[in-house]
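Bear in mind that the values here come from a model prediction, so they are computed numbers and not experimental data.
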Amino acid sequence: MIATEQRERSTVSRSLIGTWLLVVLSVVSWRPDALFDGGFDVVVIAKALVAFTAFLCAVAIHSRARVHARVGVRSVILLFIVVGLSCVGALATDSAMPSLVLAVRIVLLAATVYVLASSAAPLEVLTSLFIAMGILTLIGAASGLPQFLSDGRLPSGIPAMKPNELAGLAAPPLLAIAIDIARRGLTPRKSVLLVTFAAILLATGSRTTLIVVVIAMVLAVVLAWPVPHSTGIALILLVPVSYAMVAFTNVVSEVAIRGQDVSELATLSSRTIAWQAVFSIPMDTWHKWIGVGLAAKTIEVDQRWWDVQVLDSSWISILSQAGILGLIAVGIWVLFTLRDSLKNRELRTLTLPLLVLLLVRSALENGLIESSVIFTLFFLTSLVLERGHRYPFEHDRSVRFALAVAPLPTPTTELTPSPT
């Protein structure tokens, strides 16, 4: 009986990993530097089919699961507020179709995540997503090695992703491995995985992701303290290794400066130029309050050599796509999720460092509220942390036409006095 239950659980886990692979594959970039403009081609249709297949697989997993979870609706309501505001703003523009299509994509993605979150235990669902992200990271890094040898920064070859996006895909599995080491100790297998994903992240040259991952790892060690002996020994050995890398190699300078001048570093690779353009939108316009739709990825700027700048910040993107009202809704969503993570004793060792990684990185990278890996992970984390989440959860079925039956009399034994 126990062996049968273990086989069923492993099958569910493999099904979860396979479904998450489809989900992640449907949201990562297949063509770098290509923004969706509302047109339909082979790539757009193929990604839509993959996303719909993932949804069908999620429904199949949910239907086969013997035990389900009750999932709250707060995150869903806040998401629909943000998406609804962006759709209203998009309808006021001349080109609403791209934003409406992206709204449908994010709703389908949210539905898939919601069904998967209700199909298994929170830790199992999160772990299977980390594994799927790790598998795709390894495939992408291995296929991007030729370009890394020529350019110096590691992209993803299959599917085609820029170095920063590959870093965002590799960071959560790396952090999950570090958290597991902090909680349960170091093993040879975990060591190999940790070094592999750390090398991939370092090779991408993504400064923001690297710094935030280090901060999240330190937080994970603090939350897991006291750590096992093997982890403590590894931390002690890490000190001289880190000193040697900083003092005797140029790895830190190459990653931190990356050939940029003072003006580029001061503007965060021209990010602040786009931010100032968004902030300068007049307060008496509908663009300022409800945005112009999810398709707003760039903004016009007044520069000498270029007139369009990408919105490289999730929060600035939300302000442009859903306006001030949408930004307030996302802020409330984040605050509730952080509060739930602090109060959840079972999951906060994992979810609190993970939220720090996602939210701090979102200040300089896109993806928090859009069809992306970062949104997938954030939405799943917020769902499993809600107070309304219960696992396992079984509906109480009321008994119809119940008969009132009198209890049976308790048998008594008469004691007869013994003869004297």
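Put simply, the side chain of S156 gets close to the backbone of P159: a donor and an acceptor are under 3.5 Å apart. A donor-acceptor pair under 3.5 Å is formed between the side chain of H68 and the backbone N or O of H62. Remark: side-chain polar atoms of S372 are paired, donor with acceptor, to backbone N or O of G367 under 3.5 angstrom.
Enclosure of atom NZ in K288 by more than 12 non-hydrogen atoms of other residues, nucleotides or ligands within 6.0 angstrom is indicated. W30 CH2: more than 12 foreign heavy atoms inside a 6.0 Å radius. By the neighbour-count criterion of 12 heavy atoms within 6.0 Å, atom CG of L91 is densely surrounded, having more than that number from other residues, nucleotides or ligands. Remark: F148 CZ is packed, more than 12 non-hydrogen atoms of other residues, nucleotides or ligands lying under 6.0 Å away.
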Would E165 and V28 count as a side chain to side chain contact (heavy atoms under 4.5 Å, CB included) here? Give the steps. CA-CA 8 Å; E165 188 175 0; V28 297; 3.8 Å; yes
From CA spacing to verdict: side chain to side chain contact (heavy atoms under 4.5 Å, CB included), L359, F378: CA-CA 9 Å; L359 298 177; F378 172 70; 4.3 Å; yes
Output, in order, the C-alpha distance, side-chain angles, deciding distance and verdict of salt bridge (Lys or Arg N to Asp or Glu O under 4.0 Å) for D312 and K297. CA-CA 8 Å; D312 281 328; K297 308 294 184 181; over 6 Å; no
Evaluate I374 against R361 for side chain to side chain contact (heavy atoms under 4.5 Å, CB included), listing each step before the verdict. CA-CA 10 Å; I374 302 303; R361 183 179 180 272; 3.8 Å; yes
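Nearest heavy atom pair, residue G326 against residue V82, reads O-CG2, 3.9 Å. Smallest separation of non-hydrogen atoms from F130 and L350: CE1-CD1, 4.0 Å. Considering all non-hydrogen atoms of both residues, A167 and T209 come closest at O-CG2, 3.7 Å. When all heavy atoms are compared, the tightest approach of A277 to E300 is CB-O, 3.9 Å. Smallest separation of non-hydrogen atoms from Y391 and P122: CB-CD, 4.2 Å. Closest non-hydrogen pair, P173 versus G134, comes out as CG-N, 3.7 Å.
By the side chain to side chain donor-acceptor pair (under 3.5 Å) test, S128 pairs with W20, sequence neighbours left out. Remark: S242 pairs with L238 by the side-chain contact (heavy atoms from CB on, under 4.5 Å) rule, at least two apart or across chains. Remark: H287 engages no residue in a ring-ring contact (aromatic ring centres under 6.0 Å, His included) (not counting sequence neighbours). Remark: L327 engages W315, I318, L319 in a side-chain contact (heavy atoms from CB on, under 4.5 Å) (not counting sequence neighbours). Under the salt bridge (charged side-chain N to carboxylate O under 4.0 Å, His left out) criterion, R184 pairs with D180, not counting sequence neighbours. Scanning for side chain to side chain donor-acceptor pair (under 3.5 Å) contacts around Q321 gives an empty result, with sequence neighbours left out. Here L342 pairs with L352 under the side-chain contact (heavy atoms from CB on, under 4.5 Å) rule; sequence neighbours left out. Partners of S382 under the side-chain contact (heavy atoms from CB on, under 4.5 Å) rule, at least two apart in sequence or in another chain, are S75, W333, T337, F379. Every residue meeting the salt bridge (charged side-chain N to carboxylate O under 4.0 Å, His left out) condition with R74, not counting sequence neighbours, appears here in chain and number order: D340. Taking the salt bridge (charged side-chain N to carboxylate O under 4.0 Å, His left out) definition, one finds that R271 meets it with E365, sequence neighbours left out. For the side chain to side chain donor-acceptor pair (under 3.5 Å) test, no residue two or more places apart in sequence or in another chain qualifies with T208.
Taking OG of S320 as the start and CD1 of I281 as the end, the distance is 5.5 Å to the nearest 0.5 Å. For the atom pair CG of L116 and CG of L126, the computed distance is 11.5 Å after rounding to the nearest 0.5 Å. For the atom pair CD of Q276 and CD1 of I316, the computed distance is 10.5 Å after rounding to the nearest 0.5 Å. The OG1 atom of T231 sits 11.0 Å away from atom CD1 of I236, with the distance rounded to the nearest 0.5 Å. Remark: I135 CD1 to L21 CG distance equals 5.0 Å, nearest 0.5 Å. Taking CG of L16 as the reference point, atom CD1 of I131 lies at 9.5 Å (rounded to 0.5 Å).
Defined by atom type and a distance below 3.5 Å, a donor-acceptor pair is present between the side-chain atoms of N366 and S317. With no hydrogens or angles considered, a side-chain donor-acceptor pair links R153 and N164 at under 3.5 Å. Defined by atom type and a distance below 3.5 Å, a donor-acceptor pair is present between the side-chain atoms of S341 and T351.
Identified under the side chain to side chain donor-acceptor pair (under 3.5 Å) test for residues 136-151, with sequence neighbours left out: Q147-D151.
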